[in-house]
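It should be emphasised that the depicted structure is a prediction, and the values quoted were computed from it without experimental measurement. We count residues from 1, following the sequence as given.
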Amino acid sequence: MTAWAHLWCGRPTRLPAWLAFLIFGLVLCASVAAPDYDKLLNLARQRYGQRAVDTVVSWRQLVEESRELSPAQKIEKVNTFFNRRIVYEEDIVVWKEPDYWATPLEFMGRGTGDCEDFTIAKYVTLQMLGVADARLRLIYVRARIGSTASVAHMVLGFFPQPTDEPVILDNLISSIRPASQRSDLMPLFSFNGAGLWVGGAAQSSADPTARLSRWRDVLERMRQDGMTP
């Protein structure tokens, strides 16, 4: 059994207090409807300038052209779009904060962001393309960098079928690979709009709307930007 198997089979485990607190701050609580593209473009122009407008226009084109594709084609196009267009940078550099969760507009507007920002943007875009929330999970992992060092990292998992192993969309590498081929990643827990799963729990271990969170702040900023109802 691979390290990833506990995301969908096995027994739940007790969480450290810090992790339980963090999880309640991460869960997603809404589906994404069609955005107000005119408002997004105006905000991109006002806040970030023409380069951001060009990125948002290209993103809208991606969405419009990908609606009729298969799920596998959709995840490939979305993963490639963000990995090629956006440059990785840590929050302390981009936002002068140690941990800031950017909306997709902020992410595209700045043209740079960290792993959470890549993952959120991909997740939101795939939801807009009609990929079922049950087939997507944002997954917190420990990523091995080099021979020994490991860092906290986030990736997006896509499940071809509910009981399949996920394939991983990651900003660290360009290719989408089955989780079993990502020996550099050690999954900790996963979550989506329906809830969160830790330690192999078969059911969600928390109510996504239970508490105020960093993600709720992101959702509110997305709403203000015209990305959610």
Side-chain angles (χ1 to χ4, degrees), residues 28 30-131 133 136 138-139 153-158 167-176 192-193 214-215 217-229:
L28 305 177
S31 297
V32 178
D36 184 338
Y37 287 113
D38 290 340
K39 184 175 183 178
L40 286 170
L41 285 170
N42 287 334
L43 289 173
R45 182 176 293 106
Q46 294 169 12
R47 296 176 183 175
Y48 308 107
Q50 187 59 44
R51 185 200 56 77
V53 171
D54 294 342
T55 300
V56 173
V57 168
S58 296
W59 172 71
R60 178 178 183 177
Q61 183 177 0
L62 166 76
V63 172
E64 296 300 327
E65 293 178 350
S66 302
R67 294 190 187 280
E68 303 305 317
L69 298 179
S70 69
Q73 292 171 317
K74 289 176 180 177
I75 66 171
E76 182 69 42
K77 282 189 171 292
V78 170
N79 192 60
T80 298
F81 178 86
F82 287 108
N83 284 3
R84 287 184 177 177
R85 280 189 168 266
I86 310 296
V87 177
Y88 176 85
E89 188 55 85
E90 295 184 359
D91 289 332
I92 196 67
V93 175
V94 181
W95 299 103
K96 312 306 179 188
E97 297 182 22
D99 191 15
Y100 182 86
W101 287 46
T103 68
L105 177 59
E106 292 170 334
F107 183 50
M108 290 187 285
R110 290 293 181 99
T112 186
D114 68 359
C115 59
E116 289 93 350
D117 304 329
F118 277 93
T119 302
I120 290 168
K122 293 173 185 179
Y123 174 78
V124 169
T125 303
L126 287 169
Q127 281 200 311
M128 289 169 53
L129 288 173
V131 177
D133 194 41
L136 298 169
L138 296 87
I139 306 172
H153 185 52
M154 184 188 283
V155 297
L156 183 65
F158 169 76
V167 295
I168 304 301
L169 288 68
D170 190 357
N171 64 286
L172 292 178
I173 64 173
S174 59
S175 60
I176 297 173
N192 62 16
R214 187 175 294 113
W215 178 250
D217 181 56
V218 172
L219 286 177
E220 175 59 23
R221 283 182 279 121
M222 286 174 58
R223 187 192 65 78
Q224 293 173 1
D225 289 346
M227 288 204 73
T228 60

Just wondering, do I86 and R110 contact through their side chains at under 4.5 Å, heavy atoms?
-> no

Between the side chains of Y100 and D117, does any donor sit under 3.5 Å from an acceptor?
-> no

Interatomic distance, CZ@F82 vs CD1@I120, rounded to 0.5 Å, equals 11.5 Å

ring-ring contact (aromatic ring centres under 6.0 Å, His included) with F158: which residues, sequence neighbours excluded?
-> none

Gap separating the CG atom of L129 from the CD atom of Q127, nearest 0.5 angstrom | 10.5 Å

When M227 is tested against each of L40, L219, V218 for side-chain contact (heavy atoms from CB on, under 4.5 Å), which residue passes?
-> L40

Scan for salt bridge (charged side-chain N to carboxylate O under 4.0 Å, His left out) pairs involving residues 36-54, sequence neighbours excluded, and state none if there are none.
-> R47-D225

Can you find a pair of side-chain heavy atoms, one from V57 and one from R60, that are under 4.5 Å apart?
-> no

Taken in chain and number order and not counting sequence neighbours, the residues that satisfy side-chain hydrogen bond (donor to acceptor under 3.5 Å, both in side chains) with S174 are none

Is a donor on one side and an acceptor on the other found under 3.5 Å between the side chain of S66 and the backbone of L69?
-> no

Rounded to the nearest 0.5 angstrom, the SG-CG distance for C115 and L156 is 12.0 Å

Run the numbers on F118 and N83 for side chain to side chain contact (heavy atoms under 4.5 Å, CB included), then give the verdict.
-> CA-CA 8 Å; F118 277 93; N83 284 3; 3.8 Å; yes

Residue pairs meeting side-chain hydrogen bond (donor to acceptor under 3.5 Å, both in side chains), one or both in residues 87-97, sequence neighbours left out, come to none

Y48: side-chain hydrogen bond (donor to acceptor under 3.5 Å, both in side chains) partners, not counting sequence neighbours = none

Enumerate the residue pairs fulfilling salt bridge (charged side-chain N to carboxylate O under 4.0 Å, His left out) with a member in residues 63-79, sequence neighbours excluded, ordered by first and then second residue.
-> E64-R67

Does a side chain donor of either T119 or E116 reach within less than 3.5 Å of an acceptor in the other side chain?
-> no

